[in-house]
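To keep things clear, I will list the structure first and then write my remarks on it.
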Protein chains: 2
Amino acid sequence: MQSRRGYHQHCGLAKALDVVGERWTLLLVRDLLLGPRRYGDLVEALPGIGTNLLAKRLRELEEADLVTKVKLPAPVSAVAYELTAEGRALEPALHALARWGGLFLPAKPKRGDRFDLGWYLLSLKRRYLPGEGVRTALAVKTAGRVFCLVLGERVLDVREGDDAPAPLTITGEMMPIAMLCNGRASLAALEREGGVKLEGARDLWSEIFRALGNGSETTTRPRPRGTRRGTS
Amino acid sequence: MQSRRGYHQHCGLAKALDVVGERWTLLLVRDLLLGPRRYGDLVEALPGIGTNLLAKRLRELEEADLVTKVKLPAPVSAVAYELTAEGRALEPALHALARWGGLFLPAKPKRGDRFDLGWYLLSLKRRYLPGEGVRTALAVKTAGRVFCLVLGERVLDVREGDDAPAPLTITGEMMPIAMLCNGRASLAALEREGGVKLEGARDLWSEIFRALGNGSETTTRPRPRGTRRGTS
DNA sequence: CGGGATCCCAGCAGATACTG
DNA sequence: CAGTATCTGCTGGGATCCCG
C-alpha cells in the first residue's frame, strides 16, 4: 500500500517536501500569506489548479495543521482558510525560493504569464529596509482590491482586504503600481500618463519608496539569512 | 502545445517551482551540494527514485544550467554531475526549507526512514557560529566515506570525498557521530561504548563543538504579528 | 560495470459536470 | 458559493534490458 508516497528520509528538507512539496502547495501558502482566503478567491488566484485539486490540497494542509478554516466575520458570513503559525513559519523559505526564482524572472510578464500585485507586494517584504522610525502605512487600491502595507520597525507587513487606516493611498492598475514601487517608472510620469494616483500625505512617498528597497537585490547581501540575535 | 506544464505566473516563487519544484529535484540538489556525484552515487543516495526518473531530472537540471557534467580527474575516469553557480545559489532556500522541515523531524530516525550523515552535516552549515578565528577543519570518516568540514571565517564548508588535510579526524558510525555533533551524546560516553574515535588534535574538539552551534535552532526568530482584527 | 533506455502499471493531475 | 464526482491523460515507481 505504501500510503501517501513520501521520501522516507530523516532529513529536514525531505520532511518539508513531504508536507509542502507537491504541486500547487507552496503557491497556495503564498496566497494565504496575504490573509484569509475563501475557496473561490483561491480558485481565481491560481488559474489552472482545478477545483478538485484545490480541495485536496486544502484538506492536506488542514491535516498538517498549516491551515485552518475560519468564519469570516460580519458582512460575508462565509468560511475562509487561514494559515496557522506553522504555516506562516514557511515564509522565510518562500522568500528564499522566490529570491532565487527571481533570477529567472523577466522585467515584464511574458505573454501568457499571469501577474498579481499581491505576489509582487509580498516580494517587497524581503527587500524592506526599515530605516529609523519609519512606521507608517500605505494603502494600495487596484482592480477593486485593497492591499495594506504596514512599514514596521523591523518588518514590512502586507495584507489584502485588511482595511487599516493609511495616511497615503495609491490607486491605479497593477503593473504601473509595481513599476513605480520598484523604481522602473517614475512617479511623475505615471501620474501624468499612467493612471496612478496618490492621495493623502504625498510627502511620505519618498521615504516609503526608499524603504521598499529599490534594486537592492541585484547584489547578494553578505548576510542573506539573518542570524541576528541580541535584539537590542 | 503548453509543453512542460508550468504555472505561468510572473512570480519568483512560481518560477522557482517551475524549475526545481518537481519531485526529487531539490533532494538531488541537496546531495550535489556535497560535491560532484556520479550517477550511481545518486541512485544509491536517493532510494526509490528509479533510474529513469533520475536521468530525466539530471537532464532537466542540465538544461536549466543548474548542473553540469564534469569528468572526474585521475583515479576514476568517469563523469559526474556538479552544481553550477546557479545551482549552488539554491543553498539558502534549501536551508530555509530544511529548517522548517526540521520542526517535524523526530529526534531519531523513524523506522523505515533512511539517514545519511551528509544530510546532517549539511544542516550544520546553517547553525554554524564562526567565532573569532576558528579556521580549522574536521575530517569525518564513516562507512567507507569521508567528509571534510572546513570551519571558515564566516561559513562552514562541507564536502564529501574531498581529502583536504584536517588536524582532527573523527571515525565511527553515522548516528553516533550525528548525536555527538548535536550534543545529544557525550564524547566520553561514545568513546567508551559507542565506537567513535577521535584522532589528531583532540583539544580542538571543544571549540569545534561550540562552533557547530548546538541546539541553537530551537528558538526561531520571534515574529509576533498576531494582530487579529474584525471579530467585532 | 557504470550509465542509462524501455516498458508497464498505479496514482496523481487537469478539465468539466454536477450537487448541497 | 463551496466544494464533490467522474473521466482521462500524464507522471512517477519499479523492474528489466541495453550499450559502451
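Here is how names work: the chains are called A, B, and so on, in the same order as the sequence lines, proteins then strands, and each is numbered from 1. Every value quoted in this text rests on a predicted model; they were computed, and no experiment measured them. The analysis underlying the following values was restricted to heavy atoms, covering all of them including side chains, and did not include hydrogens, waters or symmetry mates.
Atom P of nucleotide dA2(D) and atom CZ of Arg59(A) are separated by 16 Å, given to the nearest angstrom. Taking atom CZ of residue Arg23(B) and atom C1' of nucleotide dT11(D), one finds them 11 Å apart after rounding to whole Å. Taking atom CZ on Arg37(B) and atom P on dG4(C), their separation rounds to 16 Å, with Å as the unit. The interatomic distance linking Leu28(B) (CG) with dG12(D) (C1') rounds to 15 Å, in whole Å. Between Leu54(B) atom CG and dT11(D) atom P there is a gap of 18 Å when expressed in whole angstrom units. For the pair Lys56(B) NZ and dC7(C) P, the computed distance is 16 Å after rounding to whole Å. When rounded to the nearest whole Å, the span between CD of Glu44(B) and P of dG2(C) equals 10 Å.
Checked by atom type and distance alone, the side chain of Tyr81(B) never pairs as donor or acceptor with a backbone atom of Leu61(B) at under 3.5 Å. Remark: side-chain polar atoms of Tyr120(B) are not paired, donor with acceptor, to backbone N or O of Phe115(B) under 3.5 angstrom. Here the side chain of Arg88(B) pairs a donor or acceptor atom with the backbone of Leu83(B) at under 3.5 angstrom.
Distance from the side chain of Arg5(A) is smallest for dG13(D) among the nucleotides dG13(D), dG3(C), dA2(D). Looking at the side chain of Glu22(A), the nearest of the listed nucleotides dG3(D), dA2(D), dA13(C) is dA13(C). Proximity note for Ala78(A) (side chain, C-beta onward) versus dA13(C), dA2(D), dG4(C): the nearest is dA2(D).
Put simply, Arg57(A) has a side-chain N or O that comes within less than 4.0 Å of OP1 or OP2 on dA13(C). Residue Tyr81(A) has a polar side-chain atom (N or O) positioned under 4.0 Å from OP1 or OP2 of dG3(D). The phosphate of dG14(C) has neither OP1 nor OP2 within less than 4.0 Å of any side-chain N or O from Tyr7(B).
Under the side-chain contact (heavy atoms from CB on, under 4.5 Å) criterion, Arg57(B) pairs with Glu22(B), Arg23(B), Thr25(B), Leu28(B), Leu53(B), Glu60(B), not counting sequence neighbours. Taking Tyr7(B) as the reference, Trp24(A) meet the ring-ring contact (aromatic ring centres under 6.0 Å, His included) condition, with sequence neighbours excluded. Among residues two or more places apart in sequence or in another chain, the side-chain hydrogen bond (donor to acceptor under 3.5 Å, both in side chains) test is passed with Asp41(A) by none.
The list of ring-ring contact (aromatic ring centres under 6.0 Å, His included) pairs with a residue in residues 35-66 of chain B, not counting sequence neighbours, is empty.
Residues Phe104(B) and Glu86(A) meet the side-chain proximity criterion, which asks for heavy atoms closer than 4.5 Å.
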Close N/O contacts between protein and nucleotides 16-20 of chain C (under 3.5 Å):
none

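Consecutive Watson-Crick or G-U pairing (both distances under 3.5 Å) extending over three or more pairs maps onto DNA chain C as C:1-19 with D:2-20.
Nearest heavy atom pair, residue Arg30(B) against residue Leu122(B), reads O-CD1, 3.5 Å.
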